[in-house]
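Computed from a predicted model, the values in this text were never measured in an experiment. Just so you know, these numbers use all the heavy atoms, side chains as well, and skip hydrogens, waters and symmetry mates. Start at 1 and go down the list; that is how both ligands and their atoms are numbered. Counting from 1, the numbers follow the sequence of the chain as shown.
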Amino acid sequence: MLRVVDLQKTYPTGDEALKGVTVSVEGSETVAMIGPSGAGKSTFVRCINRLTEPSGGEIHLDDTTLTALGDDALRSARRDIGMIFQEYNLVERLTVMENVLTGRLGYVSAWQAFRRSFPAEDVERAYEILERVGLGDMENKRVDELSGGQRQRVGIARAVIQQPKILLVDEPTSSLDPETSDTVMGLLTDIAAEREVPVLINIHEVDLAMAHADRIVGLHGGELVFEGTPDDLDERGLDQVYRGADVPENVGNGRASEAGADGDALAEADRPLAGET
Ligand code: ADP
């Protein structure tokens, strides 16, 4: 179970991104975090694995207080947090299988990691997960040959093979067309439920959040302004979260469809892992 209590973040620029947000995610539920741009959603997700250092508050994952950990303990606690990113964060020139196995890097020795030699059971598990995400025959393809939807499936497989205690998902569909977005969200929430892993999804499109989440939390200006089931999110709730701004829907942006690897998906350069801020 993830329990975030009174989380605050003020950036060195003076921007108060989070003003004391309390949210819990437990069991095998999927919680979607919605809110207008600048509401603090990314900051919230990044504070949980401390890619961004919180300014105040506490974060508990099961019995571990993540906010109290030193560097070594934090490194090992991060094994328990599976991350799925908007831009996939895959290693472009490696194969699907190699990318999935990077999810096990926290569990093997530095020497094994250097040799890319993984235990047989990890490889077996990788085959099984690839089958489950619908990439059963693609293990030897380089990820730069894949469509956007296929890449996000690799991202899901890599996070799941980590056997995390929670999945944190940051804008998983913002590079995908509407149909692929819906499929990917369904796959993600189904797999998480099967494996009884709770999921926190930071998502822009309200209709996708309502269709796939068990619970929705809404941020506005760094504060929690809505918490409830998709059915509870009526016009008044949406107004609290968006305050008259247009409510973003899953209309897509025409990029990176699952049906064909288009130019945008192929042109995307390797992206470095997010660093400390
Ligand atoms: P969202 O994900 O909801 O769009 P963010 O968490 O990205 O919101 O941003 C919340 C607020 O924090 C915004 O005002 C944004 O300008 C500010 N912010 C985000 N990242 C940084 C940063 N690295 N340095 C300074 N301010 C930042």
Side-chain angles (χ1 to χ4, degrees), residues 2-25 30-59 66-67 74 78 81-89 152 155 159 166-176 181 184-185 188 199-210 212-213 215-228 230 233 237-253 255 271-277:
L2 175 74
R3 199 158 54 86
V4 179
V5 184
D6 194 26
L7 189 65
Q8 298 153 42
K9 174 65 184 179
T10 304
Y11 285 103
T13 50
D15 282 285
E16 267 190 281
L18 297 171
K19 300 175 183 167
V21 177
T22 297
V23 169
S24 292
V25 188
T30 294
V31 174
M33 182 170 268
I34 60 168
S37 181
K41 304 181 298 296
S42 296
T43 302
F44 187 89
V45 167
R46 289 168 59 86
C47 278
I48 293 172
N49 59 10
R50 288 182 46 202
L51 285 169
T52 292
E53 270 309 326
S55 315
E58 288 180 2
I59 301 168
L66 297 174
T67 33
L74 178 61
R78 279 180 176 156
I81 304 172
M83 285 286 302
I84 296 171
F85 301 89
Q86 165 177 10
E87 296 289 359
Y88 325 117
N89 264 314
Q152 199 53 290
I166 179 126
L167 278 172
L168 299 180
V169 191
D170 193 16
E171 298 280 3
T173 59
S174 54
S175 302
L176 305 175
S181 297
V184 163
M185 280 290 288
L188 175 60
V199 187
L200 177 66
I201 302 185
N202 163 5
I203 188 153
H204 193 65
E205 301 93 338
V206 173
D207 51 349
L208 283 178
M210 291 179 77
H212 295 283
R215 200 149 58 81
I216 293 180
V217 293
L219 289 190
H220 187 103
E223 291 175 293
L224 189 85
V225 295
F226 175 85
E227 186 161 15
L233 186 62
L238 282 172
D239 214 44
Q240 283 168 326
V241 179
Y242 290 96
R243 310 263 164 98
D246 284 344
V247 177
E249 278 179 64
N250 181 23
V251 290
N253 53 19
R255 291 186 61 204
R271 281 169 209 276
L273 283 168
E276 289 284 332
T277 45

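- Under the rule for a side-chain contact (heavy atoms from CB on, under 4.5 Å), the partners of Pro36 that lie at least two apart in sequence or sit in another chain are Ala39, His220, Val241, Tyr242.
- Using a 3.5 Å distance cut-off with no hydrogens or angles, the side chains of Ser55 and Tyr11 do not pair a donor with an acceptor.
- The Ala39 neighbourhood of ligand 1 comprises atoms 1 (P), 3 (O), 8 (O), with distances under 4.0 Å to a heavy atom of that residue.
- Taking 4.0 Å as the cut-off, Ser37 counts as a neighbour of ligand 1 on heavy-atom distance.
- Between Ser42 and ligand 1, a contact under 3.5 Å exists for at least one N or O pair.
- Between Ala17 and ligand 1, not a single N/O pair is under 3.5 Å apart.
- Side-chain N or O atoms of Glu171 include one that pairs as donor or acceptor with a backbone N or O of His204 at under 3.5 Å.
- Close approach of ligand 1 to Asp15 (heavy-atom distance below 4.0 Å) involves ligand atoms 14 (O), 25 (C), 26 (N).
- For the side chain to side chain contact (heavy atoms under 4.5 Å, CB included) with Ile216, the lone residue among Met33, Glu227, Met210 that qualifies is Met210.
- For atom 9 (O) of ligand 1, the nearest non-hydrogen atom from the set Thr43, Asp170, Leu18 comes from Thr43.
- A donor-acceptor pair is defined here as one N or O able to donate and one able to accept, closer than 3.5 Å; no such pair exists between the side chain of Arg50 and the backbone of Leu74.
- For Thr30, there are no side chain to side chain donor-acceptor pair (under 3.5 Å) partners at least two apart in sequence or on another chain.
- The closest approach between any non-hydrogen atom of Pro36 and ligand 1 is below 4.0 Å.
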